[in-house]
Amino acid sequence: MRAAVLEHGKFGVREVDRPEPRPAHVLLKVRACGVCRTDLHIVAGELPPRREAVIPGHQIVGDIVGEGTRVGVSWIGGTDGTCPYCRGGMENLCDDPTFTGYTVDGGYAEYALARADFVFPLPPALDDLHAAPLLCAGIIGFRSLRVAGVQAGERVGLFGFGASAHLAIAVLHAWKCEVYVATRGESHRKLAESLGAKWVGGEHDRPPVPLDRAVTFAPSGDVVVAALGSLRKGGVVAINAIHLDRMPQFDYDTLLWGERQIRSVANMTRADARDFLALAAEIGLRPKVTTFGLEDAAQALDAVKRDAVDGAAVITVQG
Ligand SMILES: [Zn+2]
Ligand SMILES: [Zn+2]
């Protein structure tokens with residue numbers, strides 16, 4: 001089969017063996033696979049390699065071979081089910097997790113293998129292209145709102161406006177929240193305006209009112225500090241980024257005092273996935289997508305890196 005492979009730091013499309021069926025797994029014929037910023041960190045080596053060679057991609061839409069059911073696969077490809085976190089309902093923090101497209105092969109390929117208990121049947125209301133970006137960007141954005149403790153009607157800041165934020169804004173509007181967006185790039189600001197943000201500013205602009213919650217999406221510690229500076233007392237910043245350049249020094253007295261909190265958002269649970277996909281179908285969530293062929297996987301990653309994609313990038317796989 002054709003697949004985009006990262007091997008010894010080199011990334012390219014080539015012919016590889018189709019995965020062999022395994023017990024408790026399903027073989028998927030891939031229809032589409034979303035491109036996530038995490039893929040970029042993997043291919044750039046910012047996340048340490050876990051295998052000699054790996055096929056990235058963890059927002060897979062595919063049909064179960066021999067059965068036909070259309071399912072989605074996300075970043076969390078499996079857990080041990082036995083560690084204290086799994087037993088405590090926090091499988092996103094599992095001590096021995098499997099990550100799709102990182103510790104096992106992912107969906108930048110014609111076929112992919114997935115654990116049968118970690119695939120999610122997709123509602124018919126969500127077509128392939130529009131379902132793919134929901135599977136990580138959407139679910140993790142949704143989890144970020146939960147981690148930030150967003151309540152209906154609150155003022156919420158989104159710092160950065162890529163794939164995940166442009167889905168989170170729809171969820172926030174469904175919850176009757178006011179959304180304030182600070183982001184670099186004129187096209188991202190225009191997109192935020194067109195999606196109904198109450199206020200839109202540049203990455204260094206401060207929202208005009210104190211915010212109850214904020215979620216940061218840029219892989220930048222400076223952005224986290226800016227978000228912290230926008231909060232009311234008791235407010236929460238949730239960091240939706242698996243990798244930050246660094247965390248700069250900041251002034252405790254003015255920025256964190258007053259029971260403000262900074263929380264990271266790690267991975268996702270299957271409950272997050274199911275709850276979010278049901279909500280997405282209910283509110284008719286339709287991501288803005290830009291498509292790339294499998295042969296152009298490197299260009300898709302490059303476009304995400306340059307912030308040149310409005311909404312989400314999706315790789316379509318021709319069968
Ligand atoms: Zn576990
Ligand atoms: Zn992701």
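The first residue in the sequence is number 1, and the count goes up from there. All ligand and atom numbering here is 1-based and tracks the order in the structure.
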Nearest heavy atoms of I55 and A3, plus distance in Å: CD1-CB, 3.7 Å
Enclosure of R260 CZ (heavy-atom neighbours >12, cutoff 6.0 Å): yes
The Zn ion (ligand 1): protein N, O or S atoms that are less than 2.8 Å away, sorted by chain: D80 OD1, C83 SG, C86 SG, C94 SG
Given V236, L256, V237, the one that forms side-chain contact (heavy atoms from CB on, under 4.5 Å) with L231: V237
Sequence neighbours excluded - salt bridge (Lys or Arg N to Asp or Glu O under 4.0 Å) pairs with any residue from residues 53-65: R31-D63
Matching residue for T103 among D96, T98, V54 - test: side-chain contact (heavy atoms from CB on, under 4.5 Å): T98
Shortest non-hydrogen contact from L255 toward G229: CD2-CA, 3.4 Å
Environment of the Zn ion (ligand 2) in terms of protein N/O/S atoms, cut-off under 2.8 Å: C36 SG, H58 NE2, C136 SG
Pairs flagged by ring-ring contact (aromatic ring centres under 6.0 Å, His included) wherever residues 142-169 is involved - sequence neighbours left out: F142-F276
hydrophobic_cluster_shared for V35 and F99, side chain cutoff 4.5 Å: yes
Minimum-distance pair of heavy atoms, taken over all atoms of Y108 and C36: OH-N, 4.5 Å
